[in-house]
Structures are given as structure tokens and as C-alpha cells.
Amino acid sequence: FPKFYIVDTTLREGEQFSTADFTGSDRVYIAKSLDKLGVDYIEVVNPMASAQAREDCRRIKDLGLKAKVVVHTRCHMDDVRAAVETGADGVSMYMATSEALRKHSHGKGVDAVIESARQVISFVQDAGLEVRFSCEDTFRSDKSELLDIYAAVDALGVDRIGLADTVGVAHPFQVYETVRAVRSILKPSTGIEFHTHDDTGCCIANALVALQAGATHINTCVLGIGERNGITPLGGFLARMYTLDKDAVKGRYNLTMLRNLEQYVARCARVTIPFNNYITGAAAFTHKAGVHSKAVISDPGTYEVIDPQDFGVDRHIKIAHRLTGWNALRQRVQHLRLPITDEQVKVVTRLMKDAMETTPFTLEQMDEVLITASRNGSESSS
Ligand code: HCA
Ligand code: CU
């Protein structure tokens with residue numbers, strides 16, 4: 001499977017989420033947790049954003065984390081000077097290349113883009129930092145102009161180039177083709193970082209095909225927060241990669257940290273964790289239909305491709321509802337150590353399914369029925 005690095009940008013893109021205003025201590029806590037989880041890079045906000053941002057970039061760098069700390073900047077001398085001063089390991093700069101965005105930002109043509117990149121990149125290189133150069137709105141940019149820009153910055157010796165689906169419009173084939181085309185003109189040692197928004201629901205699939213086409217680094221955010229409806233979620237991306245190479249993902253990342261980190265970020269970003277969130281959503285490992293429950297009770301692999309234990313989360317088998325089956329009830333009976341025969345369980349199941357046609361029971365109510373049935377059963381047999 002392609003080797004990949006996670007560049008988590010919760011502390012940059014994530015802060016662009018509508019209700020995310022992290023305090024200095026939130027930033028530090030999130031950086032430490034990301035590092036413990038094992039992400040390879042932590043991208044932080046532009047130090048030019050505010051005095052607090054500058055101070056926090058330094059603080060995060062001074063934590064001495066295993067992850068590399070990279071500062072996100074515009075392709076601009078003022079920004080990269082401030083970035084270098086933070087002591088960070090790298091600078092990730094971006095510049096608009098699509099017609100739509102260019103006219104609202106720098107207004108430059110290809111040659112002028114390359115010219116300004118040249119000066120800024122060599123400043124960062126002279127300071128001994130890693131450099132990544134990304135074309136904003138890659139997938140709405142002219143393909144031949146893109147390739148010219150990437151070839152030119154590659155010749156300057158950047159460590160990575162970036163492709164950014166800023167508006168979340170690219171689909172998997174398009175991502176595959178574009179990354180392939182870019183890969184073919186770069187030096188083999190140059191990394192490719194992929195960043196994608198989720199406006200049209202392709203962000204995880206696109207991250208995967210980008211890797212399959214030769215990308216090396218993927219941008220994620222905890223819970224997928226970011227501008228508008230956000231970017232590739234860290235948890236969902238880990239889920240995707242886990243199913244492809246479970247041992248590698250388990251070996252490299254502390255997966256049991258995910259839930260806590262998400263809860264922390266959810267609190268600071270003032271959101272709740274969606275019911276259908278990858279891995280940690282309330283419903284992610286909840287089984288309901290009788291057929292599913294029966295199978296999962298005897299072998300979880302029947303209806304699960306991820307072992308919830310690897311992420312420290314629990315499986316739930318819902319049994320008090322009209323779609324239940326007698327196997328699920330029998331398991332409950334065994335759990336409660338009630339003396340009922342299988343025949344009795346079948347009878348009780350039928351009665352309960354009818355009774356729950358309109359309103360499901362709570363688990364406690366269902367237990368009551370089972371306990372009563374077991375008493376009646378043992379009385380009638382004695
Ligand atoms: C933004 C730009 C960006 C940059 C991505 C990158 C995008 O919203 O400020 O640096 O590769 O989505 O284009 O997040
Ligand atoms: Cu973005």
C-alpha cells in the first residue's frame with residue numbers, strides 16, 4: 001500500500017470553521033493530542049493572523065513534539081519571515097491559480113506567480129526549513145498552467161507541492177488523473193500533498209485516490225472541521241486506511257486517542273459529534289436487525305470491517321425493538337443468567353415483537369419481561 005503521511009490542519013483549516021475560536025490552551029492541548037495520536041505533521045495558523053497566533057505558533061513549536069510543525073502562509077515575504085521566526089520545521093505556502101480566485105487575490109499571471117514564488121521559496125530554504133508550495137483551487141485551474149507552475153517550483157527544490165480542492169468540486173477520476181499528471185513531471189523525491197474540501201461528499205474517497213495516484217501527504221482535520229462544511233476528517237481517513245492495511249495503521253497511530261481528541265475539539269468548536277460519524281458516532285457500531293445481531297453476536301466480522309476495540313469504542317446490539325430476533329434475546333437471557341429454554345425464548349420473542357410493533361421497549365422493560373417469563377417458566381416446570 002502507498003506510504004502516506006498525515007498533515008493535520010485542525011489548528012489552521014479547522015480554525016476557519018464557523019464556530020471554532022480556539023484559545024491558546026486549546027491549541028496547545030490539540031497539538032499535544034494530535035502528536036500522541038501520531039500524526040506526522042501539525043499545520044498551524046499563519047503567525048501574521050494575530051499576536052496570539054504568533055505566540056501560539058512558538059508555544060507549539062517549543063513543546064518539542066515528534067510531529068513536525070508547519071506554518072501555513074500566503075506566498076508572501078512578510079508571512080514567511082514571521083513563519084521562520086516561530087522556529088517551525090516548515091512553511092506551507094499557497095497561491096491562487098484558478099481564474100475565479102486569481103482575480104480576487106493577487107491578479108498575477110503564471111510567470112508572475114512563478115517569479116514571486118521563487119523569492120519566497122528561496123528565503124525559506126535559506127533558513128533551512130521544509131517548503132511546500134500549493135496551488136489554491138487546483139481543480140479549477142488551467143491544467144497546462146498548473147503543470148508549468150509545479151514544474152517551476154519543483155526545479156527550485158521544494159520538498160512538496162500541494163494540490164488543493166478549495167471548493168470541494170473534484171471527483172475521484174479527476175483527482176486521480178490530475179495527481180498522475182503532476183506526479184509525472186515532478187522529481188521522484190518531491191512529495192505531493194493533497195487537501196480537499198467536502199462540499200460534494202468526496203473528500204475521503206478523493207484523499208484515497210490521490211494516494212493511489214502518487215500523492216504522499218494528506219491534509220485532515222479532527223471531525224473534518226474547516227471552511228464551510230470542512231475537509232477530510234482525520235477519523236474517517238484513518239477508517240479508510242485501516243481497512244486497507246490494518247496492521248500498518250494500528251502500528252503507526254494511537255487509534256484509541258481519537259475519541260477523546262474528537263470530543264475535545266467538538267467542545268472547543270461548539271459542535272456535537274454526528275450520529276453517523278466514522279468510528280465514534282453513536283450509531284457507528286450499533287446493530288439492529290435480527291439477522292445482523294445474530295451474526296454479529298457469533299462473529300463481529302460478518303457486519304463490521306473495523307474492530308471497534310482497536311479504537312477503544314464499544315459495539316451495541318439493539319435488541320428491544322420489533323425487528324429483533326430470538327437469538328438476540330437468547331443472548332440477553334444468557335447475559336442475565338435467566339433459566340429459560342430456547343422454546344420459551346422463541347415464544348417470548350414473538351409476543352414482544354408484536355407488542356413493540358408500535359412502541360419499542362427500553363432495555364430495562366424488555367429485561368422485566370424476560371425475568372417474569374423465566375419465573376413463570378420455572379414455576380410451571382416445577
Ligand atoms: C484557504 C486555502 C486552502 C489552502 C490549502 C493549501 C484551500 O482556505 O485559506 O494550502 O493547500 O482550501 O485552498 O485551505
Ligand atoms: Cu482549505
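All ligand and atom numbering here is 1-based and tracks the order in the structure. Residues: numbered from 1 along the sequence shown.
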Closest E13 atom to the Cu ion (ligand 2) [N, O or S only] | OE1
Side-chain donor-acceptor pair present, N46, T73, cut-off under 3.5 Å | no
Pick one: which of D56, T86, D89 meets side-chain hydrogen bond (donor to acceptor under 3.5 Å, both in side chains) with K61?
-> D89
Any side-chain donor paired with an acceptor under 3.5 Å for D165 and N206?
-> no
How far apart are the closest heavy atoms of H287 and R315, and which atoms are they?
-> CD2-CG, 3.9 Å
Examine distances only and state if a side-chain atom of T349 and a backbone atom of V345 form a donor-acceptor pair shorter than 3.5 Å.
-> yes
Would you check ligand 1 and list the protein residues that come within less than 4.0 Å of it by any heavy atom, ordered by chain and number?
-> R12, E13, Q16, H72, Y94, R132, S134, E136, A164, T166, H195, H197
Determine, using ring centers only, whether F311 and Y242 are less than 6.0 Å apart.
-> yes
Three-point angle H195:NE2, the Cu ion (ligand 2), H197:NE2, rounded to the nearest 10° | 100°
Are the side chain of T10 and the backbone N or O of G14 linked by a donor-acceptor pair below 3.5 Å?
-> no
